[in-house]
Amino acid sequence: MNPKVSIIMGSTSDLPIMEKAAKILDDFEIPFEINALSAHRTPDQAMDFAKGAYDRGIRVIIAGAGGAAHLPGVIAALTPVPVIGVPIKASISIDGWDSLLSIVQMPPGIPVATVGLDGAMNAGILAAQILGAGDEAVVKKVVEFKRGLETKIVKANEELKSVKFKFKTN
Ligand code: RP5
C-alpha cells in the first residue's frame with residue numbers, strides 16, 4: 001500500500017496533536033505515512049522529502065510544527081503537492097500565536113492551507129476532501145462523516161427541548 005498523504009511534524013512532542021490527523025485518515029481508509037522532520041534540525045532531509053514527495057505518489061502533505069514553525073512553509077516552497085499546515089501550541093510557544101503566524105502568513109506564491117491552532121483533525125478532513133476531488137470512494141467517506149456531525153446536533157436539539165426556562169418558547 002503506497003501512501004497518498006504524508007503527515008510530518010517538527011518533533012515527536014507534536015504527536016499527541018498530529019495523531020488526530022492520522023486517526024481521521026485511518027477512519028477514511030486513506031493510506032498515509034507519518035514521520036518527524038524538522039526544517040531546523042534536519043534541513044537536508046526536509047529538502048529531500050519535499051523534492052521527492054510528488055514522485056513517490058504523495059498528493060497531500062500535512063505538516064505540523066510549534067514555535068518558529070517553518071516546516072510547512074519550507075516544504076511548500078519545494079513541492080507542487082498541497083501543504084496543510086497545523087500550528088501547534090508547543091512547550092516553547094508564546095500562546096501558540098508564534099506557530100500560527102509563522103504558518104499562515106506565507107508570501108504570495110507559496111500557499112499553506114492553515115488550520116486552527118492544534119487543528120490536526122481538520123487537517124485530516126481537509127486532506128481527504130482534497131483527495132476526494134478525484135476519488136469517489138473518499139468523497140463517500142467524507143459525506144458519511146459529515147452526516148455523523150449532523151446527527152450530533154439533531155440529538156442536541158432533542159435534549160435542549162427538555163431544558164426549561166420561564167420565557168423559553170420552544
Ligand atoms: C518545533 O519545536 C516542533 O515542531 C515542536 O513543536 C517544538 C519543540 O520541539 P521539541 O523540543 O519538543 O523536540 O520544531
Side-chain angles (χ1 to χ4, degrees), residues 1-133 135 138 141-142 145-146 149:
M1 202 164 34
N2 294 323
K4 287 194 174 140
V5 178
S6 188
I7 300 175
I8 52 172
M9 66 201 108
S11 166
T12 45
S13 61
D14 301 323
L15 186 59
I17 297 298
M18 295 306 288
E19 66 188 3
K20 292 173 193 167
K23 165 93 175 58
I24 285 287
L25 297 175
D26 228 30
D27 289 350
F28 288 2
E29 297 177 354
I30 296 171
F32 66 95
E33 60 180 18
I34 183 162
N35 290 294
L37 195 66
S38 168
H40 305 126
R41 292 165 171 160
T42 59
D44 292 336
Q45 284 97 315
M47 191 183 284
D48 291 347
F49 164 82
K51 287 189 168 174
Y54 184 83
D55 288 343
R56 287 197 300 113
I58 301 298
R59 292 297 174 260
V60 184
I61 294 169
I62 300 175
H70 298 133
L71 182 65
V74 165
I75 298 297
L78 293 162
T79 179
V81 177
V83 176
I84 303 171
V86 183
I88 291 177
K89 188 174 171 184
S91 58
I92 56 163
S93 285
I94 304 169
D95 261 357
W97 282 109
D98 42 6
S99 326
L100 175 64
L101 297 176
S102 304
I103 295 178
V104 78
Q105 265 333 91
M106 288 295 290
I110 307 128
V112 169
T114 310
V115 295
L117 195 62
D118 293 342
M121 181 186 180
N122 273 356
I125 297 165
L126 186 54
Q129 288 177 300
I130 293 170
L131 290 176
D135 188 329
V138 173
K141 298 272 178 197
V142 173
F145 175 80
K146 295 213 174 203
L149 299 179

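Below, all heavy atoms of this structure are taken into account, side chains as well, without hydrogens, waters or symmetry copies. These numbers were taken from a predicted model, which means no experiment stands behind them. Counting starts at 1 for both ligands and their atoms, in listed order.
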Residue by residue, ordered by chain and number, which ones reach under 4.0 Å of ligand 1 with a heavy atom? Gly10, Ser11, Ser13, Asp14, Arg41, Ala65, Gly66, Ala90, Ile92
One should read off an interatomic distance between Ile24 CD1 and Ile125 CD1, to the nearest 0.5 angstrom, of 4.5 Å
Say whether, by atom type as modelled, one donor and one acceptor occur between the side chain of Asp55 and the main chain of Gly52 under 3.5 angstrom. no
In Å and rounded to the nearest 0.5 Å, what is the CG to CZ distance from Leu131 to Phe28? 11.0 Å
Is the side chain of Ser99 donor-acceptor paired with the backbone N or O of Ile88 at a distance under 3.5 Å, no angle test? yes
How many angstroms lie between atom CD1 of Ile61 and atom CD1 of Ile7, to the nearest 0.5 angstrom? 11.5 Å
Donor-acceptor pair, distance only, cut-off 3.5 Å: does the side chain of Asp118 make one with the backbone of Lys89? yes
